[in-house]
Amino acid sequence: MGENDSSDKISDIEDRIERLAEIAERCRKYILASKIAIGAGGTLLLITILGLFGTGPTAALGSIALILGGIVSLGSNVSTLRQTDEAISGAEARRAALIGSIDLRVVADAPLKLV
């Protein structure tokens, strides 16, 4: 395997890691939004049950929908985040193995300062 071939593979793996990192970040944002939806739905349901602010059955159904939707979204995105983190770890291991297989040379005759 040539040095350029290894460099190309390493570059491809780094591109994949960047794409996976973007997916992971997006999952984290959806997880936060899901938690907010669950909290808002729970708060609205509590307000509806206590009869505050004159809310009706529509608010109760909406709050239940918020809670259930938040739970589904949370579970889905947590699962996707775990899979993405595993893929990132695998790609980083492959990248490290490729970097380790390159025969690096120490340049001892390089001048310390260019004039």
Side-chain angles (χ1 to χ4, degrees):
M1 179 180 336
E3 189 173 319
N4 288 337
D5 189 35
S6 293
S7 296
D8 290 341
K9 287 184 179 182
I10 291 170
S11 178
D12 291 342
I13 291 172
E14 287 176 348
D15 290 341
R16 177 167 167 69
I17 290 171
E18 286 180 25
R19 286 193 309 271
L20 289 170
E22 290 172 2
I23 292 170
E25 186 60 32
R26 193 170 37 239
C27 284
R28 286 184 189 94
K29 289 178 183 176
Y30 281 122
I31 288 170
L32 178 61
S34 299
K35 290 178 179 179
I36 291 171
I38 292 169
T43 302
L44 183 59
L45 185 61
L46 184 63
I47 289 171
T48 304
I49 289 172
L50 295 176
L52 303 175
F53 304 120
T55 56
T58 306
L61 288 175
S63 65
I64 293 170
L66 267 175
I67 293 170
L68 293 177
I71 291 170
V72 169
S73 177
L74 179 69
S76 173
N77 283 292
V78 166
S79 174
T80 302
L81 181 61
R82 283 188 193 137
Q83 292 171 356
T84 304
D85 285 341
E86 289 173 9
I88 289 172
S89 297
E92 287 175 343
R94 284 191 303 275
R95 180 183 64 185
L98 279 173
I99 291 171
S101 70
I102 296 174
D103 184 29
L104 300 174
R105 296 179 304 269
V106 176
V107 181
D109 296 333
L112 296 177
K113 184 175 178 182
L114 296 175
V115 180

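- Residues meeting the side-chain contact (heavy atoms from CB on, under 4.5 Å) test with Arg16, sequence neighbours left out: Arg19, Leu20, Ala87, Arg94.
- Distance check: Ser7 OG to Glu14 CD gives 9.5 Å after rounding to the nearest 0.5 Å.
- Remark: Glu92 pairs with Ile17, Ile88, Arg95 by the side-chain contact (heavy atoms from CB on, under 4.5 Å) rule, at least two apart or across chains.
- When hydrophobic side chains of Ile, Leu, Val, Met, Phe, Trp and Tyr are connected at separations under 4.5 Å, Val72 ends up as a singleton with no cluster partners.
- Clustering of Ile, Leu, Val, Met, Phe, Trp and Tyr by side-chain heavy atoms under 4.5 Å joins Ile38 with Ile31, Leu45, Ile49, Ile64, Ile67, Leu68, Ile71, Leu74, Val78, Leu81.
- To the nearest 0.5 Å, the span separating CG on Asp85 from CD on Gln83 amounts to 10.5 Å.
- Sorted by first and then second residue, the side-chain hydrogen bond (donor to acceptor under 3.5 Å, both in side chains) pairs involving residues 23-34 (not counting sequence neighbours) are Ser34-Ser73.
- Every residue meeting the side-chain contact (heavy atoms from CB on, under 4.5 Å) condition with Ala59, not counting sequence neighbours, appears here in chain and number order: Leu44, Thr48, Thr55.
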